Amino acid sequence: MSNSLPNHFLWGGAVAAHQLEGAWDIDGKGISVADVMTVGGPDHYRSITKGIIAGEYYPNHEGIDFYHRYKADIALFAEMGFTCFRTSIAWTRIFPKGDETEPNEAGLQFYDDLFDECLKYGIEPIVTLSHFEMPYALVENYGGFRNRQTIDFFERFATACLTHFHTKVKHWMTFNEINNQANFNEDFAPFTNSGIYYEPGENREEIMYQAAHYELVASAKVVKIGHEINPDLEIGCMIAMGPIYPQTCHPKDIIMAQKAMEHRYYFADVHVHGTYPEWLKKEWTRKGYQLDITEDDLTILETGTVDYIGLSYYMSFAIRHTPGSENFDYDESTQLVRNEYVKASDWGWQIDPEGLRYTLNWLTDMYHLPLFIVENGFGAYDQVDADGLVHDTYRIDYLKAHIVEMKKAVIEDGVDLIGYTPWGCIDLVSAGTGEMEKRYGFIYVDKDNAGNGSLERSKKDSFYWYQNVISSNGDAL
Ligand code: P53
């Protein structure tokens, strides 16, 4: 048995357009949902404003100015030895308001140049079509994915991208972390996943199931279209993974954890199997939810199943049942509990490398598809020392421990894994909090939470460490 990862294993890093490009209103780009979010902090989400309000600070407007600096940044990725680079195509660069019929040529040109720059170094671009950056005009004018018409708008955008870039990009993903919205009682996920602002008194869960259904249909259509455009394309879904452990072996805790996992991960069932699980159909009937799901939709779901599962993995969770209640309904915003066996980051994210091995095995047992870890990483405060450098041993420790478990899953358990792209390979704006100072990068970017800084780039200790990891194909940790 080999003790190493396969030779073709892809190593790289991951970002999303809205978190680093900046240039939010340049070359015809429209306003996206990310452009109306302010800065939050470790214990609170950022605010979502109705449109852009004068005097508010919107960190994504400038990002780290990757739009103008991508050549130098990609040269640094090449120096680390990346063989792939995951980013997204900002929907609003291609269709600024979302409902245009023709794509914006300047937007296509930017991504042509960006992908060519990657390919020049032998770096394969890996592309997410929708990564929390829907055109804001679709929210205002159509209600985002509350509206069936948004399926057509997404299809038009995705078709333009697949047609234009299929010779440069082989691996695609449709909707980033489509399952974040299982946490429907918070405002962040429904807005970033689906462009939904909830009104007081609405049944949030029912609306979430409807929006997610439209997205799953849109995804399936795009998988099918992509394969028609080029049968060699690999088109995946993207799921935010984190196992939800039972707090104890109390049988009700076991069932509660099972129900929580079902609610958080049914999205993958639909993407992979093309059908809804039985428990969910029963739940909709029990709760009297009348969803708009047509026979045509069900056929589309079956004909557009994904080629692989892209996943993010940052942490694990734990849950217990509510004593005195026979009800196993899942509310992610109130029912999760601390796991006393693991530590947490400064943002309360529970660090659990073995949970990654568990997760990769769980996904393989459930779905029997190739997997791709397209996000993993440690958001931390970095300090520039007197020598002018960032000595981020804590980040190296986190990544090392996760790679060790990832290798066990592949080498000892036989998991079919395409590659590994740690999140935020260059410091960027946090999605959840809007902070710059929640840093993930191997490359430090001089900018703070208020937007001050030179934007200058410098290599952290983890940069050299990751370079060795890649050149040894994961052996030198
Ligand atoms: P930030 C929540 C839970 C897990 C992953 O997140 C999440 C979120 C949303 O915050 O998002 C993914 O920046 C996402 C990236 C994001 C990254 O994880 O909040 O796909 O866009 O930046 C890290 O620390």
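Note that ligands are numbered from 1 as they come in the structure, with each ligand's atoms numbered from 1 the same way. Position 1 is the first residue of the sequence; numbering continues from there. What you see is a predicted model, and the numbers here were worked out from it, not measured in a lab.
Counting all heavy atoms, side chain and backbone alike, Leu477 lies closest to Val469 at CD2-CG2, 4.0 Å. Scanning all heavy atoms of the two residues, the minimum distance from Met37 to Pro59 falls at O-CD, 3.6 Å.
Side-chain atoms of Tyr209 and Glu283 include a donor-acceptor pair closer than 3.5 Å.
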Between ligand 1 and the protein, give all atom pairs where both partners are nitrogen or oxygen and the distance is under 3.5 Å, as lines of names plus distance to 0.1 Å.
unit_1   : atom_1 : unit_2 : atom_2 : d
ligand 1 : 10 (O) : Gly432 : N      : 3.4
ligand 1 : 11 (O) : Glu177 : OE1    : 2.9
ligand 1 : 13 (O) : Ser430 : OG     : 3.1
ligand 1 : 13 (O) : Ala431 : N      : 2.7
ligand 1 : 18 (O) : Tyr314 : OH     : 3.1
ligand 1 : 18 (O) : Glu375 : OE1    : 3.0
ligand 1 : 19 (O) : Ser430 : OG     : 3.3
ligand 1 : 19 (O) : Gly432 : N      : 2.8
ligand 1 : 20 (O) : His131 : NE2    : 3.4
ligand 1 : 20 (O) : Asn176 : ND2    : 2.9
ligand 1 : 20 (O) : Glu177 : OE1    : 3.4
ligand 1 : 20 (O) : Glu375 : OE1    : 3.1
ligand 1 : 20 (O) : Glu375 : OE2    : 2.7
ligand 1 : 21 (O) : Gln19  : OE1    : 2.8
ligand 1 : 21 (O) : His131 : NE2    : 2.8
ligand 1 : 22 (O) : Gln19  : NE2    : 2.9
ligand 1 : 22 (O) : Trp423 : NE1    : 3.2
ligand 1 : 24 (O) : Lys438 : NZ     : 2.7
ligand 1 : 24 (O) : Tyr440 : OH     : 2.5

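Residues passing the ring-ring contact (aromatic ring centres under 6.0 Å, His included) test with Phe157 are Trp91, sequence neighbours excluded.
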_Applying ring-ring contact (aromatic ring centres under 6.0 Å, His included) to Tyr381 and Trp347, what does each step give before you reach the verdict?_
CA-CA 10 Å; Tyr381 293 107; Trp347 282 262; 4.5 Å; yes
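Judged purely by atom type and a 3.5 angstrom limit, Arg46 uses its side chain to pair as donor or acceptor with the backbone of Thr38.
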